[in-house]
2 protein chains.
Amino acid sequence: MPHKSASVKTIPDIVVGRLPFYLRTLRALAAEGREITSSSDLGNRLGLTSAQIRKDLSYFGEFGKQGLGYNIPFLVDQLRRILKVDRVWEVVLVGFGDLGRAIAHYHGFHDRGFEIRMVFDSDPAKIGQSLAGFTVDDMNAMVEKVRAAKVRVAMLAVPATSAQKVADLLIKGGVRAILNYAPTTLNVPKGVAVQNIDPAAHMQHMTYYLEP
Amino acid sequence: MPHKSASVKTIPDIVVGRLPFYLRTLRALAAEGREITSSSDLGNRLGLTSAQIRKDLSYFGEFGKQGLGYNIPFLVDQLRRILKVDRVWEVVLVGFGDLGRAIAHYHGFHDRGFEIRMVFDSDPAKIGQSLAGFTVDDMNAMVEKVRAAKVRVAMLAVPATSAQKVADLLIKGGVRAILNYAPTTLNVPKGVAVQNIDPAAHMQHMTYYLEP
DNA sequence: CCTCATTTGTGATACATTTCTCAATCAGCG
DNA sequence: CGCTGATTGAGAAATGTATCACAAATGAGG
Ligand SMILES: NC(=O)c1ccc[n+]([C@@H]2O[C@H](COP(=O)([O-])OP(=O)(O)OC[C@H]3O[C@@H](n4cnc5c(N)ncnc54)[C@H](O)[C@@H]3O)[C@@H](O)[C@H]2O)c1
Ligand SMILES: NC(=O)c1ccc[n+]([C@@H]2O[C@H](COP(=O)([O-])OP(=O)(O)OC[C@H]3O[C@@H](n4cnc5c(N)ncnc54)[C@H](O)[C@@H]3O)[C@@H](O)[C@H]2O)c1
């Protein structure tokens, strides 16, 4: 007897990870005024095969019309619903250094479902600095404020040496998704999602293929 | 008859992509003063199975000792050689906005094999601003200066609307590896590597798994 | 109303990656 | 100097992912 209910087929994580890129591309098409696209058009723009796009989407439903393709605004709506970005998630940012400041000032997240509403830092010189609508707050207040506001999504932009400590506190405050900019692997309990951003790792991935 | 020489077994790209994380973790261990580690120790720190780490490393040679494990400084050297970061690559950065500025001031790349040596922007207000050792230069001079300095690695931090144009120019100047921060898919010829950084995409990947 | 050119959704198939397993090896130790 | 416990490297098996290929559906055009 299987553990999972027979009706719930688990969708491969790698498929979920591609959906944001489909959504991003569809919204660019919509911004160009397009109404309709096809799996092969999308595939060309994304550098993927049309079959992969059709199969990926088919995990979630039937969104296209045979002979015609996909209605862009409709598919955008569906993907936003599937990815749960048909709302705006309140985000807590920890670390207001060079990178944290760039992230806090960046306006590109709102349109994709995220808005930074709280920023914390441990440096007294940074606490109290104000941004559009709020101020940088003391780390000591973090767990309680995050818990009170029921924030479940965080961005972590502190040095690698403090990243695990801060992650533990975020989780204590109720956070369940962490975007980690620090170049270290975070250890988190089941039920907490982590995604890592490590530009240097991407660079090293590419130099492997360069001629010396 | 196969195209590739029989002696050259191509290594899966997904394996290459994990090596930077192995290297990063090994260097953290070295910084803690450790001399020796094992595949299961590494696996625990990285959240991977020990078998995967052993198999990945075995594509490149025999680096461990049975019964003992891996010598950390030795394995660090090997990985640096394999990833070609046993040198420092000169990097060109295009786009000196909020993000570009944070990247340009970040000192964490040097230790991992990269040093930003040129910055270009198209905004006259930004051209001429100076950083440690060099100044922000005019886009119009970019192709020639990049070609003259034989720079082959770039970071792209311009708005999505100009990213493809700038990428084309970089490639014209001889760049063969591009780290793209703009939220758009770049179209590049064979022989040019692209890696994308899209924090919002990572965020959307995580919200899929959150309860509404 | 019929034909044609398209394009979807999806089983079947091919390919890629991870995990399992275990013989081989090694340092330490009595 | 041979025994013990630990650990690697790698073939085999299991699992996961991408591509193929085609029936079914659709709208356009006559
Ligand atoms: N700047 C970049 O472009 C860049 C690029 C890649 C990665 N990173 C990584 O992002 C992180 C931040 O980088 P940065 O350049 O902004 O560094 P930074 O030193 O300028 O800023 C770090 C901030 O975190 C704060 N901080 C330290 N410990 C803290 C704690 N325990 N709780 C709360 N706040 C704390 C510091 O006060 C500081 O304001 C680092 O891990 C870095 O490696 C940065
Ligand atoms: N700031 C962030 O934290 C952040 C986060 C995620 C993604 N991004 C992405 O990174 C890119 C840069 O973001 P930003 O916040 O620094 O934006 P920004 O507008 O502050 O900076 C963009 C810079 O690019 C320059 N530029 C524009 N067109 C150019 C061209 N053709 N050639 C050379 N320079 C040109 C502009 O003059 C400006 O200085 C954007 O694509 C953005 O979506 C930024």
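Note on naming: letters A, B, ... go to the chains in the order of the sequence lines (proteins, then strands), and numbering restarts at 1 for each one. Only a predicted model underlies this, so the values are computations on that prediction, with no experimental measurement involved.
- For the pair A/Val16 and B/Tyr209, the minimum side-chain heavy-atom distance is below 4.5 Å.
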Table please: side-chain donor-acceptor pairs of residues 170-187 of chain A below 3.5 Å, with sequence neighbours left out.
residue, atom, partner, partner atom, Å
A/Arg176, NH1, A/Ile171, O, 3.4
A/Asn180, OD1, A/Ala182, N, 3.0
A/Asn180, ND2, A/Ala182, O, 3.1
A/Asn180, ND2, A/Thr184, O, 3.0
A/Asn180, ND2, A/Asn196, OD1, 2.9
A/Thr185, OG1, B/Arg24, NH2, 3.4

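- The pair B/Glu90-B/Lys145 does not meet the salt-bridge criterion, since no charged nitrogen lies less than 4.0 angstrom from a carboxylate oxygen.
- Of all nucleotides in DNA chain C, those with any atom nearer than 4.0 Å to a heavy atom of chain A start and finish, going 5' to 3', at C/dT6 to C/dA12.
- Annotation: side chain of A/Val92 is not in contact with side chain of A/Val153 (no heavy-atom distance under 4.5 Å).
- Between the CZ atom of B/Arg80 and the CD atom of A/Gln204 there is a distance of 9.0 Å, given to the nearest 0.5 Å.
- A donor and an acceptor atom, one from each side chain of B/Ser39 and B/Arg54, are located under 3.5 Å apart.
- Taking 4.0 Å as the cut-off between side-chain N and carboxylate O, B/Asp198 and A/Arg112 count as a salt-bridged pair.
- Looking at B/Glu35, its side chain never comes within 3.5 Å of a backbone N or O of B/Ile72 through a donor-acceptor pair.
- Atom CD in A/Glu62 sits about 14 Å away from atom C1' in D/dA23, given to the nearest Å.
- A salt bridge links A/Asp41 with A/Arg34: at least one charged nitrogen is closer than 4.0 Å to a carboxylate oxygen.
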Given side-chain hydrogen bond (donor to acceptor under 3.5 Å, both in side chains), test B/Tyr22 with B/Asp56 step by step and report yes or no. CA-CA 10 Å; B/Tyr22 297 175; B/Asp56 283 357; 2.5 Å; yes
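- Geometric assessment of B/Lys84 against the ring of A/Tyr208 yields a positive cation-pi assignment under the 6.0 Å and 45° thresholds.
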Quick test: give all pairs of protein nitrogen or oxygen and nucleotides 16-19 of chain D nitrogen or oxygen below 3.5 Å, distance rounded to 0.1 Å.
residue, atom, partner, partner atom, Å
D/dA18, OP1, A/Arg18, NH1, 3.1
D/dA18, OP1, A/Gln52, NE2, 3.4
D/dA18, OP2, A/Arg18, NH1, 3.4
D/dA18, OP2, A/Arg18, NH2, 2.9
D/dA18, OP2, A/Gln52, NE2, 3.3
D/dA18, O5', A/Gln52, NE2, 3.3
D/dT19, OP2, A/Thr49, OG1, 3.0

For A/Asp86 and A/Arg81, what are the C-alpha separation, side-chain angles and deciding distance, and is it a salt bridge (charged side-chain N to carboxylate O under 4.0 Å, His left out)? CA-CA 5 Å; A/Asp86 51 353; A/Arg81 176 183 55 77; over 6 Å; no
Taking only nitrogen or oxygen atoms into account, show me every contact under 3.5 Å that the protein makes with nucleotides 5-7 of chain D, one pair per line with its distance.
residue, atom, partner, partner atom, Å
D/dT7, O4', B/Gly67, N, 3.2
D/dT7, O2, B/Gly67, N, 3.0

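- A/Ile103 is listed as a side-chain neighbour of A/Met155, based on a closest heavy-atom distance under 4.5 Å.
- Annotation: the terminal axes of the helix from C/dC1-D/dG30 to C/dG30-D/dC1 meet at 10°, where each axis is the rotation carrying the C1' atoms of four end pairs onto the next four (5 pairs per end, rounded to 10°).
- Here the CD1-CZ distance, from B/Ile53 to B/Phe21, works out to 13.0 Å after rounding to the nearest 0.5 Å.
- Atoms CG and CG, from A/Leu83 and B/Leu210 in turn, are 11.5 Å apart once rounded to the nearest 0.5 Å.
- Between the CG atom of B/Asp41 and the C1' atom of D/dT8 there is a distance of 15 Å, given to the nearest Å.
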Return the polar atom pairs (N/O with N/O) between nucleotides 28-30 of chain D and the protein under 3.5 Å, or none.
none

